[in-house]
Amino acid sequence: MALGPDIVYTRVKDGNEVYILAKERLSAYYKDPGDYEIIEELTGKELEGTSYVPLFPYFKEFDKQNAFKTLVADYVTVQDGTGIVHTAPGFGEDDYNVMKNTGIPVVCPIDAECRFTDEVPDYKGVFVKDADKAIIKRLKDEGKLVKRENYLHSYPFCYRTKEPLIYRAISCWFVDISKIKEKMIAANNQVDWVPSHIKTGRFGKWLEGARDWAISRNRYWGNPIPIWKCDGSDYMEVIGSREELKEKSGVMVDDLHKHFVDEITWPSPDGKGTMRRIPDVLDCWFESGAMPYAQVHYPFENKEWFENHFPADFISEGLDQTRGWFYTLTILAAALFDKPAFKNVIVNGLVLAEDGKKMSKSERNFSDPKDIIDTFGADALRMFLMNSAVVKGEDLKYSDEGIKDVLKGFIIPFWNAYSFFVTYANIDDFKSDGVPKEPDNPLDRWILSEAESLISEVTEQLDRYDLSRALGYIVRFVDLLNNWYIRRSRRRFWRSENDVDKLQAYETLYSVLMTTIHVAAPFVPFITEEIYQNLKTESMPESLHLSDYPVANSEIRDLELEKKMEITRQAVSMGRALRSIHSLKIRQPLKSLYIVTRDTKERAVLREMEDIIIEELNVKDVIFKENEEDLVEYKAKANFKVLGKTLGKNMKAAAEKIEELSMMEIQSLLDGATLHLDYDSGELELKEEGIVIQRFEKENLKVLNEGSLTVGLDSEITEELLQEGTVRDIVRSIQNLRKERNLEVTDRINLKLSGSDWLKVAVDSFKEHLLTETLADNLVWEKTEKSVELNWGDVNCFIDLSRVNQV
RNA sequence: GGGCCUGUAGCUCAGUUGGUUAGAGCGCGCGCCUGAUAAGCGCGAGGUCACAAGUUCAACUCUUGUCAGGCCCA
């Protein structure tokens, strides 16, 4: 029995009996303090070693080993009971630990079916739970039961069968972890973890507290532990191979299952009996931990291969494997080779159901993966997972919506880029020989450069095992490809003749698509393979997944060109924003766009890309200016990062002064001057790097500013521009009508228009443009019964058209 | 009870060694564009960075505590 060392116990006289119990428990047994008399108070420590007569007569022989003397244990409390705990080392870990080095034998008088054994003759063969009533009755009859009560406490149940479990001591084989713990910690220090905190956190802490590993199981199925023991002594041998087993026993086994190897015996070399295998099989985690060796049958085969491939470059498993695979791999590798079993490990988090709960078979709170794959595709599912926090060891809430986003945001646009290429390549019967070309068009050189950048960015992220960031670059690239390269190049593919520029466009798009599918192959293996099968040349590998991963060629990269295109795209984006703010639709041509920047380099770049800007923004002219003062106002803010370190406490006062700087003063700083600044508690020599300039668009100007770039629109719509815009509206409507009337894009038409006199003048002024764009052979000014009426603002127009060969 | 992780827009998530207008995608509203697109583009609304205290000239960021969620262990 165990006592708490510092708990105060009382000897109380109750009639003719004397009881010992914790003082704090008295009130649980006596309603009235007058019912008892305290004889003595003693601490648990003082009572340690007191002999007692056990409730039952069993195991009397262990009296000599002090089995029936009190012990002290820290876990004893006065929360319930008497404050004295019956202790059975065969049925509880705490109990076992208390008695560990006392010399008291561990007894466990129940069999594998949890029935009492011979050692408890009165209840022999009775299932322990069924004996409760009889035991209570007996205690009562013998006058040993003082009080009986039921109380609620947690109890272990089998998670499969939901049956209550009995905790009992069994004899086991252990790996002595304390002997190799340091090696394991050292091995772990050589591993790179994703996410990194697991290394010293969850896994590191687990290793520090690692306890001995029970590797034996009392089962039938499993790998037999290869230990043979003499049945007449403690002599034993561990067998390392079939060959060794044959040497000992003369039997060569093919099948290593329990029922075969258990038959194998040989006379014990110590002459005291027969060598028989111990009955246990291995914990299956032992085999998981042995994977690096077992998978190649090392050391019996593939010795060289193993030595060149161990430790593994990387492994990947779930966060729950801290005490599973990660751990057992580490134990075996550290013990056998003094190394880690893997150099890198990506730990994924748990995939939770849409409701945020763990996916569960019994709750059925998840979509069938087969349905998901059938509906959205395996690539979409795979990319959704790879692009989520789950690859960084965090939880992920699964949702069909998330997968749809991947489909809409990446897979379909990606496929459309490919499909655009295929459509026109088929029309023009284009076939690439797969040899890289050096195109002249800056747009081609730009996207080729971006493709090389893609390779190096993705490679860099993959080397760091940052899958979602790697994917980010791929998504960005496909967006550039679709919404800038292809959009800006479309007209090059429409031309009817196969000129050099068109061929270069094809070669470029082909090459870029090839690069993209190679880079994206690990993320979206199916769609990329599908594209590959159609694009590959004879000499290329049979499958995309048999190709080497691309290596970036820095010679193709033109960082300056990439930067130029970025500035151009920014200017265009700002121009579009301006149009949107002032309700000037793109179809309406405008006189000019003003671009203002103090940066001479930026100005040069934008001039170079003038054509693109003119076309994208539908303006007649781009005018460059450097004096942005006309369009924007400056305000200065302190550059806290630069000034903060030196100014310290004075930062606030100085910042206030800086915000008061005039436009003139700011300009002088921009021109390289140094300003002397006095503030409350000190002074400062201010230079350009000490401030951050903010630009504000002046009121009533159609101007937009972003960083150093300011863009303005000349929004005056002249009569001529209005006419041109109107004609473009008509063109658009005719194109829609062509579609509505199911005309082929190549069909020629007869056109009939009608409307006001002003409209007629407008149409006449831009007649040629109108005819070319709509593939019209002729134009008649009349209204027919089939004419469709359209209007833009106060302009009305009647349109009719017919296919030329129908008339 | 202990260890580790997470908490930022309606949703899913970025946010470098602390530096002053906290970003993206989706969704929503409005508009534009369209002879590749079950498309695309622009603008807009939407935030007490879970909460509190502390350190600091300065905190989404560092420290401590509280709350909520998750995983592992007991």
Side-chain angles (χ1 to χ4, degrees), chain A residues 93-94 195 197-206 208-209 211 318-324 327 347 349-350 352 354 356-358 384 387-389 392-399 401-402 404-410 412-424 468-469 472 475-476 479 482-484 486-487 489-491 493-494 572-588 616 618 637-655 659 681 692 694 704 728 731-732 735-736 738-739 743-747 773-775:
Chain A
E93 194 182 356
D94 280 341
H197 61 76
I198 297 181
K199 180 174 183 165
T200 52
R202 187 183 266 234
F203 193 68
K205 292 265 159 62
W206 174 262
E208 281 166 27
R211 308 203 291 173
L319 193 57
D320 51 335
Q321 293 304 317
T322 309
R323 65 193 189 89
Y327 181 56
V347 183
L350 259 84
L352 304 175
E354 219 149 336
K357 289 182 192 152
K358 207 170 162 174
F384 168 73
N387 200 24
S388 75
K392 291 176 193 160
E394 286 168 34
D395 290 345
L396 163 76
K397 257 182 244 150
Y398 170 82
S399 79
E401 279 309 309
K404 270 186 216 162
D405 286 348
V406 169
L407 210 55
K408 278 180 70 177
F410 179 74
I412 290 172
F414 183 31
W415 184 261
N416 287 337
Y418 160 71
S419 146
F420 173 87
F421 172 78
V422 170
T423 306
Y424 287 93
S468 45
R469 197 162 287 185
V475 173
R476 173 187 169 271
D479 184 61
N482 270 324
N483 295 319
W484 197 249
I486 292 182
R487 195 155 63 82
S489 304
R490 269 186 299 198
R491 287 181 181 270
F493 294 93
W494 294 346
V572 168
S573 161
M574 289 165 70
R576 277 200 291 247
L578 265 184
R579 274 183 169 272
S580 177
I581 290 167
H582 300 293
S583 305
L584 296 163
K585 58 190 177 185
I586 303 235
R587 222 180 287 140
Q588 174 60 57
E616 274 291 315
N618 195 17
K637 260 207 158 165
N639 186 336
F640 284 84
K641 207 168 182 177
V642 171
L643 299 177
K645 270 172 198 137
T646 48
L647 287 180
K649 277 186 200 274
N650 295 322
M651 189 66 233
K652 243 180 195 163
E659 276 175 46
S681 43
V692 176
Q694 293 178 313
L704 204 64
R728 284 188 59 152
V731 168
R732 180 87 280 278
Q735 305 290 32
N736 280 342
R738 287 177 61 109
K739 256 188 197 170
L743 269 69
E744 295 293 323
V745 291
T746 46
D747 284 341
E773 286 293 306
T774 57
L775 298 183

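The chains referred to below are lettered A, B, ... by the order of the sequence lines, with proteins before strands, and numbering in each begins at 1. These numbers were taken from a predicted model, which means no experiment stands behind them.
The nearest heavy atom of RNA chain B to Gln588(A) and to Gly409(A) marks one nucleotide each, and the one closer to the 5' end goes with Gln588(A). Comparing Asn736(A) and Lys637(A) by the nucleotide of RNA chain B whose heavy atom lies nearest to each, the residue mapping closer to the 5' end is Lys637(A).
Taking atom CZ of residue Arg728(A) and atom P of nucleotide G35(B), one finds them 11 Å apart after rounding to whole Å. When the P atom of A39(B) is taken as reference, atom CG of Asn416(A) falls 9 Å away, rounded to whole Å.
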Please tabulate the protein-to-nucleotide N/O contacts below 3.5 Å involving nucleotides 22-29 of chain B, giving atom names and distances.
residue : atom : partner   : partner atom : Å
C26(B)  : O2'  : Asp405(A) : OD1          : 3.4
G27(B)  : OP1  : Lys408(A) : NZ           : 3.1

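When heavy atoms are screened at a 4.0 angstrom cut-off, Asn639(A) is found touching no nucleic acid atom at all. Within 4.0 Å of Ile198(A), counting heavy atoms only, lies no atom of the nucleic acid at all. Base engagement by Gly644(A) is indicated by at least one non-hydrogen atom pair under 4.0 Å involving a base atom. As judged by a 4.0 angstrom heavy-atom cut-off over every strand, Trp206(A) is placed among residues touching the sugar-phosphate backbone only. Residue contacts shown for Tyr424(A) are limited to sugar-phosphate atoms, with no base heavy atom under 4.0 Å away. Here Arg579(A) lies out of heavy-atom contact (under 4.0 Å) with every strand.
Expressed to the nearest 0.5 Å, how far CG of Asn650(A) lies from NZ of Lys652(A) amounts to 12.0 Å.
On the C1' atoms, G19(B) is 38 Å away from G40(B), given to the nearest whole Å.
Asn482(A) places no side-chain N or O within 3.5 Å of a backbone atom of Asn416(A) that could act as its donor or acceptor partner.
Here the rule is side-chain contact (heavy atoms from CB on, under 4.5 Å) with Arg728(A), and of Arg587(A), Gln588(A), Glu773(A) only Arg587(A) fits it.
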ask   = Run the ring-ring contact (aromatic ring centres under 6.0 Å, His included) check on Tyr418(A) and Trp415(A) step by step: do they pass?
value = CA-CA 5 Å; Tyr418(A) 160 71; Trp415(A) 184 261; 4.8 Å; yes
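At a threshold of 4.5 Å between non-hydrogen side-chain atoms, the residues Arg576(A) and Arg579(A) do not count as touching.
Stem list for RNA chain B (at least 3 consecutive Watson-Crick or G-U pairs, distances under 3.5 Å): B:1-7 with B:67-73, B:10-13 with B:23-26, B:28-32 with B:40-44, B:50-54 with B:62-66.
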